[in-house]
Amino acid sequence: MMKQHFPQGSCIKFPSFPQKNPIEEIWENPAFSWNIPVSLIHKIQTYDFSDPIFAQFVPSIKEKIKDKNFSTDPLNEKTFMHGQLIHKYHNRALLLCTKTCAMHCRFCFRKNMSFSPCNNSHFSHELNYIENNESLSEIILSGGDPLTLKDDIFKNLLDNLSSIAHIKTIRIHTRMPIGFPNRISQQFLETLRACKKQLFFILHTNHVQELDNEIFNALKKIQMLGIPLLTQSVLLKGINHSFLDLKNLYSLLIEHGIIPYYLHQLDKAEGTKHFAVSINDGTKIMKKLSEELPGYAVPKYVQDICGKKNKTILC
Ligand SMILES: *Cc1c(COP(=O)(O)O)cnc(C)c1O
Ligand code: SF4
């Protein structure tokens with residue numbers, strides 16, 4: 001058995017695991033580095049790729065598989081960039097507020113962009129663009145993870161966006177509370193409470209094993225502010241690609257008043273082919289979910305297709 005040496009701190013860069021069943025090999029030194037929150041390491045139940053946490057965060061040598069359909073910019077986002085703002089859809093645009101992520105999911109479609117800290121924290125170019133585009137009514141804060149921004153930078157950004165009259169809603173897309181529920185601090189909650197525009201909070205979560213009461217308690221504080229809480233997930237082979245996995249996930253979420261928004265078909269980013277599930281299989285799972293769950297507990301199954309004006313609904 002390998003020695004377990006988890007250093008102090010919140011994230012592990014190069015853990016070594018007591019991998020019990022090494023059918024599939026760990027890739028020790030991938031370009032998209034290891035980054036696993038300690039709280040998630042503690043939720044691993046079996047130290048191999050059959051475990052939904054292990055498989056999401058531990059690099060596999062399968063990431064080295066090349067396929068011409070899996071590219072470094074699968075959504076052709078470069079074409080729609082104005083600084084760090086992606087304006088692809090009609091009345092909403094997505095701001096890559098940072099390139100930093102609190103955890104590195106191995107299936108991430110942005111894994112091939114450099115995840116270095118972002119220097120531009122004033123967003124002056126992007127704010128200027130938004131101000132001059134009255135067709136925009138919503139800004140989506142994404143990244144990287146917007147919650148990795150320092151509180152003062154995050155607050156400044158919300159204040160600046162809120163001062164633009166034609167922006168009516170601001171959406172925050174994050175996965176950070178899954179690894180770091182204590183990010184939902186009093187100061188952060190105060191920033192959300194003070195925001196003059198309607199906020200929406202979209203949590204990225206893929207499996208019940210990621211979730212616990214500490215996370216739900218933190219999220220409840222956001223819900224108490226009157227901010228709708230929704231989720232998005234990615235359909236991932238070997239992690240949640242079964243009726244039961246998703247039924248359990250969505251049942252638990254609605255128990256806590258959280259509405260499943262999107263289930264994403266995997267974006268074809270280089271190094272993620274081993275996570276792909278066919279649309280045919282995805283559709284079958286969705287049909288069964290619709291039969292067994294309340295309508296509001298079933299997300300839209302969507303795919304991001306290059307050149308389309310919105311996400312394509314598969315089911
Ligand atoms: C997904 C996405 C959005 C938001 O789309 P919704 O369907 O409104 O959730 C906006 N901009 C970009 C570039 C996106 O990828
Ligand atoms: S949290 Fe989101 S952006 Fe960050 S690595 Fe995971 S999937 Fe990618």
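Read the numbers this way: they start at 1 and go in the same order the structure lists the ligands and their atoms. Keep in mind that the numbers below use all heavy atoms, side chains included, and drop hydrogens, waters and symmetry copies.
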Peer 1: Could you list, one pair per line, each nitrogen or oxygen of ligand 1 together with any protein nitrogen or oxygen closer than 3.5 Å, giving atom names and the distance rounded to 0.1 Å?
Peer 2:
unit_1	atom_1	unit_2	atom_2	d
ligand 1	7 (O)	Tyr262	OH	2.6
ligand 1	8 (O)	Arg92	NE	2.6
ligand 1	8 (O)	Arg92	NH2	3.3
ligand 1	8 (O)	Arg171	NH2	2.8
ligand 1	9 (O)	Arg171	NH1	2.8
ligand 1	9 (O)	Arg171	NH2	3.3
ligand 1	9 (O)	Tyr261	OH	2.7
ligand 1	15 (O)	Lys311	NZ	2.9

Peer 1: Quick check on side chain to side chain donor-acceptor pair (under 3.5 Å): which of Lys300, Arg175, His264 does Gln232 satisfy it with?
Peer 2: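 That would be His264; it is the only one of Lys300, Arg175, His264 passing the side chain to side chain donor-acceptor pair (under 3.5 Å) with Gln232.
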Peer 1: Kindly assign one of parallel, tilted or perpendicular to the pair Phe216 and His256, based on the angle between their ring planes and the thresholds 30° and 60°.
Peer 2: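 Phe216 and His256: parallel rings.
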Peer 1: Under the ring pair (Phe, Tyr, Trp, His ring centres under 6.0 Å) rule, what do Phe32 and His104 come out as? Steps first, then yes or no, please.
Peer 2: CA-CA 8 Å; Phe32 184 54; His104 284 180; 4.3 Å; yes
Peer 1: Could you point out which residue of Lys311, Lys309, Lys268 forms a salt bridge (Lys or Arg N to Asp or Glu O under 4.0 Å) with Asp304?
Peer 2: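 Of the listed options, the one satisfying the test is Lys311.
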Peer 1: Out of Gln232, Gln56, Met103, whose heavy atom sits nearest atom 5 (S) of ligand 2?
Peer 2: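 Looking at heavy atoms only, Met103 sits closest to atom 5 (S) of ligand 2.
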Peer 1: Give the atoms of ligand 2, by number and element, whose distance to some non-hydrogen atom of Cys101 is under 4.0 Å.
Peer 2: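 In order of numbering, the contacting atoms are 1 (S), 3 (S), 4 (Fe), 5 (S).
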Peer 1: Is atom 6 (Fe) of ligand 2 under 2.8 Å from any N, O or S atom of His204?
Peer 2: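 Checking His204: none of its N, O or S atoms is under 2.8 Å.
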Peer 1: Name all residues meeting the ring-ring contact (aromatic ring centres under 6.0 Å, His included) criterion together with His90; count only those two or more places apart in sequence or in a different chain, and write none if there are none.
Peer 2: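 ring-ring contact (aromatic ring centres under 6.0 Å, His included) list for His90, sorted by chain: empty.
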Peer 1: Can you pull out every ring-ring contact (aromatic ring centres under 6.0 Å, His included) where at least one residue sits in residues 144-175? Sequence neighbours excluded, please.
Peer 2: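 Checked against ring-ring contact (aromatic ring centres under 6.0 Å, His included) - neighbours excluded - the pairs reaching residues 144-175 are Phe154-Phe188.
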Peer 1: Counting only pairs under 3.5 Å, give me each side-chain donor-acceptor contact of residues 281-299, with atom names and distances, residues two or more places apart or in other chains.
Peer 2:
unit_1	atom_1	unit_2	atom_2	d
Thr283	OG1	Ile279	O	2.7
Ser290	OG	Met286	O	3.0

